Amino acid sequence: MDRIPLFYFARDLMGYHYIQDSRLNMDMADYYERAVHAWINTRKKYRKRVKVAFIIPRKGRKSTIITQSGIPYLLAHDSNLSIVLDGEKKERTNEFLGSIKRVVGGESQTKWADYMGNWHHPDWTWKEDAIEISTRTYRQRKEPSIVTSSVDIGYTGGAPDAIGIDDPMSPETHTELWMASVIKHYNGLGPVLQPDGLFWLCMTRYDDGDLYGHIERTEGVHICEALEAEACILAGKCVKANPEQPEPWHVMFRAALDDGKSIDEVVWTTDFLLSEQKKYPGFFAGQYLNNPWHNPDASFQPEDFTYCKPDEVPQDIMKVLTSDIAWKTPTDRKTERGGDWNVFVEGRHQRATGKVYVTRIERGRWTMGEWGDKLVTLLRDARATRIPISRMTYEELKGGAKGALQEAVRAACSRWNELAPALVLAPRATQVNAKEERVRSVAQFVQNHQAVFARPC
């Protein structure tokens, strides 16, 4: 098939004429199209997965462009692919497949049949939740051309070439329990996809506990435009890749409002967005601005934070290091370690003003030994600045052996022949609401601009 741009494929062949004149929809189509063709052209060469996410505001027509048009577009360029269409509910993903079937099967009055023919073969699989298209030549393959899956039902069997997730949660299911189910389901899809497969996600934001927040923490993201994503895929390596996150997601990220105006008046008028923002500020922050942590009721707000340049940090300070521990099992492969992160925070306390300048933050999924190696690196880097770390604060590990952290510090410093910092125990409160109280007290400290973050921290 000649390379018809996805935007016109969706508008003319699939029949979604309402996308006409939408700049956002054209940009989404271009992003998907470039990523898909870069994957097809380099799949045999690199044999690596390609992961693309579309974090688009609510009602931005991401399902129209990416799910309902993108899947037939992909099959039009390789009819032997097997694609999983995934989402929140099985009923919903079946509805998406139904809309695709009506077009590619010749039931809808569109230009599809004139250009693409009829993809419905009367003797082949054509069910509510799975179809095999008539243009497929690799018929001995057991996986259907398109099969639906969902968080509530799950997916078993098969080894698809591509998996597309469309909004795995909704306002009605926005609960911690459902979010946990979404992440568990997503983690189960990873082993199913072909090692050189295509993974895409289109969704809006809810909070940092949603699927995109999980991906951002565990796999990393590269927020970029279409040309940059295409270049990374063609090169076989993302420019944001690192040893801890070797295969980050390429992300098209949009906020509905830009400088007080709608980014696309065809999709949402500015008046509508401003009205929604006024009525539902918390919901609007995630669903339209895609900035879920900016909740007006949250303890921390963007305007609370104070920043400075590194050379503006005063010299009459005492350098203190602290660490939040989440040691991993040494036998786990580094790229497969999940769960919480280990974090080091380097702060410089100025006694005269009481301010704390946060100058360095490091995180990683480390074993105890790797954590100790990182500690020594921080100690040596600090000494090289002629302001060594004078002390390190710590908490006793919850449920762990008393003194475990002290022993880990001593072992690491002994192994590298490094002087250990003085250790200062920060007692852990045992009250039921202790964590909430601690967050509120820290928030007040930040709101009073007593914490200053040195860029780029």
Side-chain angles (χ1 to χ4, degrees), residues 49-55 62-63 66-67 82-97 129-130 143 146-195 197-221 244-249 251 286-287 290 292-293 324 326-329 331-342 363-366 398-399:
R49 287 182 179 175
V50 168
K51 299 181 290 188
V52 186
F54 299 84
I55 309 303
K62 54 190 177 296
S63 297
I66 308 303
T67 301
S82 177
I83 304 171
V84 172
L85 196 173
D86 191 80
E88 177 191 14
K89 302 285 187 180
K90 184 75 168 178
E91 180 183 4
R92 181 62 171 157
T93 55
N94 285 350
E95 289 175 356
F96 284 140
L97 180 57
D129 63 350
E143 293 92 355
I146 310 174
V147 60
T148 63
S149 171
S150 64
V151 178
D152 63 335
I153 300 297
Y155 176 77
T156 57
D161 300 285
I163 297 177
I165 304 177
D166 189 302
D167 268 332
M169 69 281 290
S170 65
E172 293 75 22
T173 59
H174 179 214
T175 64
E176 289 187 11
L177 184 61
W178 183 260
M179 295 297 185
S181 298
V182 169
I183 293 171
K184 182 179 179 181
H185 174 67
Y186 167 74
N187 290 337
L189 290 176
V192 172
L193 182 65
Q194 293 275 14
L198 173 68
F199 216 148
W200 78 80
L201 165 69
C202 52
M203 61 171 283
T204 55
R205 296 304 312 274
Y206 287 82
D207 53 34
D208 284 343
D210 65 17
L211 180 56
Y212 181 77
H214 171 76
I215 287 173
E216 192 174 34
R217 291 188 298 273
T218 59
E219 298 178 61
V221 297
E244 294 173 6
Q245 297 176 334
E247 294 183 342
W249 284 69
V251 181
Q287 295 278 284
N290 289 304
W293 81 277
D324 188 24
W327 290 327
K328 306 304 173 188
T329 303
T331 54
D332 291 340
R333 288 180 55 196
K334 190 169 187 177
T335 56
E336 294 177 350
R337 292 178 191 150
D340 292 340
W341 295 77
N342 294 276
R363 68 172 188 167
R365 290 191 173 86
W366 304 311
K398 189 175 181 180

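As the structure is a prediction and not an experimental result, all values here were calculated from the model.
Salt-bridge check for R205 with D210: passed, with a basic side-chain N closer than 4.0 Å to an acidic carboxylate O.
A distance of 12.5 Å separates CD of E143 from CD1 of I83, quoted to the nearest 0.5 Å. Taking NZ of K90 as the reference point, atom OG1 of T148 lies at 3.0 Å (rounded to 0.5 Å). Considering CE of M203 and CE of M169, their distance stands at 4.5 Å, rounded to 0.5 Å. Taking CD from E95 and OG from S63, the interatomic distance works out to 11.0 Å, rounded to the nearest 0.5 Å. With values rounded to the nearest 0.5 angstrom, Q287 atom CD is found 8.5 Å from H174 atom NE2. In this structure, OG on S82 lies 9.5 Å from CD1 on I163, to the nearest 0.5 angstrom.
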Should L201 and Y186 be marked as a side-chain contact (heavy atoms from CB on, under 4.5 Å) after you check the CA-CA gap, both sets of side-chain angles, and the distance that decides it?
-> CA-CA 11 Å; L201 165 69; Y186 167 74; over 6 Å; no

Verdict with reasoning, F199 to W249, per ring-ring contact (aromatic ring centres under 6.0 Å, His included) | CA-CA 9 Å; F199 216 148; W249 284 69; 5.4 Å; yes

Taking it one step at a time, do T173 and V182 satisfy side-chain contact (heavy atoms from CB on, under 4.5 Å)?
-> CA-CA 10 Å; T173 59; V182 169; over 6 Å; no

Please assess S149 against D86 for the test side chain to side chain donor-acceptor pair (under 3.5 Å), listing each intermediate value before the final yes or no.
-> CA-CA 5 Å; S149 171; D86 191 80; 2.8 Å; yes

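Scanning all heavy atoms of the two residues, the minimum distance from R365 to T218 falls at NH2-CG2, 2.9 Å. Contact record, S150 with H185: O-CE1, 3.2 Å, taken as the closest heavy-atom pair. In terms of heavy-atom proximity, V251 sits nearest to I55 at CG1-CG1, 3.7 Å. The minimum heavy-atom distance between V151 and P168, with the atom names listed, is CG2-O, 4.1 Å. Nearest heavy-atom pair, I183 versus G209, reported as atom, atom and distance to 0.1 Å: CD1-O, 3.9 Å.
Counting heavy atoms from C-beta on, the side chains of E91 and D152 never come closer than 4.5 Å. Residues H214 and N187 have side chains in contact (heavy-atom distance under 4.5 Å, counting atoms from C-beta outward).
No donor-acceptor pair closer than 3.5 Å links the side chain of W200 to the backbone N or O of F54. Looking at W341, its side chain does come within 3.5 Å of a backbone N or O of R217 through a donor-acceptor pair. The backbone N or O of L193 sits less than 3.5 Å from a side-chain atom of R49, completing a donor-acceptor pair. D166 contributes no side-chain N or O that, together with a main-chain N or O of L85, makes up a donor-acceptor pair within less than 3.5 Å. No side-chain donor-acceptor contact under 3.5 Å links Q194 to the backbone of D161.
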